[in-house]
Amino acid sequence: MRLRYTKHDGTQMEFQLGQQPITIGRSADADIVLLDERVSRIHCGVRLWDGDFYIKDLKSRNGTWVNNERVDVAKLKPNDVIRVGSTIFNFEQDPAVGTDTAIHEIEGKMDLGKGYTTILREIVSDAVPPSAPAPSAEPPPEPPRIPLPAEDDASEPGAGLQKRKPITIKLKRRE
């Protein structure tokens with residue numbers, strides 16, 4: 001997940017969120033420094049907890065806002081809009097994650113002239129494992145012969161070994 005925002009000078013910024021908690025504020029000690037009079041020195045924090053990201057206001061004077069609601073603590077969802085002072089953050093999924101990326105890729109291919117059917121064929125061919133190699137012209141090797149003891153010699157150990165009749169088991173190959 002990431003936070004995307006625009007600095008006061010118009011520079012687009014992106015901050016990748018991970019396992020470590022981050023702070024947002026006016027102080028140089030903050031992970032994301034905002035030069036804004038309406039932002040407290042350490043205004044708020046964002047952290048990963050139990051698989052979800054949460055934002056917590058750290059007793060700032062002007063508050064932390066998520067989707068136009070002032071919050072003390074809030075669980076963040078993709079596309080949430082966060083306001084700290086006059087800076088607007090967008091909480092987004094990484095581009096490699098989610099269906100939006102796939103849709104954008106398909107739209108890009110269509111813009112380049114590929115048709116819907118061609119794109120679907122490519123997707124299916126990527127998903128289907130390659131087929132088994134074609135059978136060779138040579139016949140399969142003969143299965144081993146397994147000798148069975150004669151029924152009448154079963155009472156004596158080792159008896160009937162010479163009287164066994166070989167049988168052949170033919171296996172059919174699935175195709």
Side-chain angles (χ1 to χ4, degrees), residues 1-136 172-175:
M1 300 301 284
R2 64 184 176 186
L3 290 174
R4 187 184 297 260
Y5 63 102
T6 304
K7 291 171 63 175
H8 287 289
D9 64 2
T11 308
Q12 291 283 329
M13 300 297 292
E14 185 176 294
F15 191 91
Q16 207 61 36
L17 298 171
Q19 298 290 327
Q20 296 297 317
I22 65 151
T23 55
I24 300 171
R26 197 177 66 235
S27 169
D29 293 332
D31 296 302
I32 298 177
V33 178
L34 301 177
L35 302 176
D36 184 341
E37 294 173 358
R38 297 182 345 182
V39 175
S40 298
R41 282 179 283 145
I42 301 295
H43 193 97
C44 63
V46 178
R47 74 173 305 145
L48 181 65
W49 185 71
D50 203 23
D52 294 308
F53 283 96
Y54 287 82
I55 190 164
K56 178 177 175 64
D57 185 77
L58 299 173
K59 300 185 189 295
S60 66
R61 183 184 320 150
N62 293 311
T64 300
W65 301 76
V66 176
N67 299 325
N68 291 323
E69 288 188 34
R70 190 171 180 156
V71 298
D72 288 325
V73 176
K75 179 179 172 181
L76 296 174
K77 300 176 296 309
N79 303 318
D80 276 348
V81 176
I82 302 161
R83 183 169 52 85
V84 177
S86 61
T87 303
I88 303 295
F89 292 88
N90 292 306
F91 181 70
E92 302 175 348
Q93 286 186 326
D94 295 326
V97 178
T99 56
D100 289 342
T101 301
I103 291 170
H104 290 301
E105 285 180 17
I106 290 171
E107 287 173 346
K109 288 179 181 182
M110 291 177 101
D111 289 344
L112 294 174
K114 280 193 178 179
Y116 184 73
T117 306
T118 303
I119 295 169
L120 284 177
R121 193 174 304 125
E122 289 174 355
I123 292 170
V124 170
S125 68
D126 288 346
V128 175
S131 60
S136 64
K172 290 186 178 182
R173 180 182 239 170
R174 287 187 180 175
E175 294 187 26

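In this text the structure is predicted, and so the values were computed from the model without any measurement. The first residue of the sequence shown is numbered 1, and numbering continues consecutively from there.
- The closest side-chain heavy-atom distance from I82 to L3 is below 4.5 Å.
- Of all the heavy atoms in L58 and G45, the pair that sits closest is CD1-N, 3.9 Å.
- By the side-chain contact (heavy atoms from CB on, under 4.5 Å) test, L35 is found to be paired with V33, residues two or more places apart in sequence or in another chain being considered.
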Only distances under 3.5 Å count here; give the side-chain donor-acceptor pairs of residues 17-24 to other protein atoms, sequence neighbours excluded, each with its distance to 0.1 Å.
from	atom 1	to	atom 2	distance (Å)
T23	OG1	D31	N	3.2
T23	OG1	D31	OD2	3.4

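- Sorted by first then second residue, the ring pair (Phe, Tyr, Trp, His ring centres under 6.0 Å) pairs that include residues 16-50, not counting sequence neighbours, are W49-Y54.
- Nearest heavy atoms, M13 versus K7: CG-CD, 3.3 Å.
- Partners of T6 according to the side-chain contact (heavy atoms from CB on, under 4.5 Å) rule, which considers only residues two or more places apart in sequence or in another chain, are Q12.
- With sequence neighbours excluded, the residues satisfying side-chain hydrogen bond (donor to acceptor under 3.5 Å, both in side chains) with D80 are N67.
- Checked against side-chain contact (heavy atoms from CB on, under 4.5 Å), Q16 has the following partners two or more places apart in sequence or in another chain: R2, E14, D94.
- Here the shortest heavy-atom pairing between C44 and D57 reads CB-CA, 4.1 Å.
- Applying the salt bridge (charged side-chain N to carboxylate O under 4.0 Å, His left out) definition to pairs two or more places apart or across chains, none involves residues 34-48.
- In this structure, Y5 and F89 have tilted ring planes: the angle between them lies in the 30° to 60° band.
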Compile the donor-acceptor pairs under 3.5 Å between side chains in residues 70-77 and protein atoms, sequence neighbours left out, one pair per line.
from	atom 1	to	atom 2	distance (Å)
K75	NZ	D52	OD2	3.4

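- Evaluation of the side-chain hydrogen bond (donor to acceptor under 3.5 Å, both in side chains) rule for S27 yields no partner, not counting sequence neighbours.
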